[in-house]
Amino acid sequence: MEQQLAWGSGKPGDEDALLSTQSDTEAYYGRMSKARDFSRRAVDSAKRADAKEAAALWLANAALREAELGQRGGGKTGRCDCAGAV
């Protein structure tokens, strides 16, 4: 995955999707702090690429993951950020 992230770094439309995928991978292995960081980076990347819908999707994905794991604070924050992303 590191190779894919390096390849997509700085490429609008690719970078954000790869960062979001990496966030899912980190969450799968229980590394929630890293997962949150990659989600935040995915949202930031999408915003830089002026892909507001993608930014909202990555926020929703992160909020759902937090809700599934019972992390109420993360989901609530995701909803608020999502409104500002679109």
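Fair warning: this is a prediction, and the values are worked out from it, not measured in the lab. Nothing fancy with the numbering, it's 1 onward along the sequence.
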Subject >> Test log, rule salt bridge (charged side-chain N to carboxylate O under 4.0 Å, His left out), inputs Asp44 and Arg48 >> reply: CA-CA 6 Å; Asp44 291 344; Arg48 280 193 307 275; 5.2 Å; no
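- Using a cutoff of 4.0 Å between basic side-chain nitrogens and carboxylate oxygens, Arg41 and Glu15 are not scored as salt-bridged.
- Looking at every heavy atom in both residues, Asp16 comes nearest to Ser45 through N-OG, 3.5 Å.
- Under a 3.5 Å cut-off, the side chain of Ser23 and the backbone N or O of Ser20 do form a donor-acceptor pair.
- When every heavy atom of Trp58 is checked against every heavy atom of Ala42, the shortest pair comes out as CD1-O, 3.6 Å.
- In this structure, the separation between CG on Leu59 and CG on Leu64 is 11.0 Å, given to the nearest 0.5 Å.
- At least one donor-acceptor pair closer than 3.5 Å links the side chain of Thr21 to the backbone N or O of Ala17.
- Once rounded to the nearest 0.5 Å, the distance linking OG1 of Thr25 with CZ of Phe38 reads 9.0 Å.
- Between Met32 and Glu26, the closest side-chain pair of non-hydrogen atoms is not below 4.5 Å.
- Side-chain contact of Ser39 with Arg65: a donor-acceptor pair under 3.5 Å is present, judged by distance alone.
- The shortest side-chain heavy-atom distance between Gln22 and Lys34 does not fall under the 4.5 Å cut-off.
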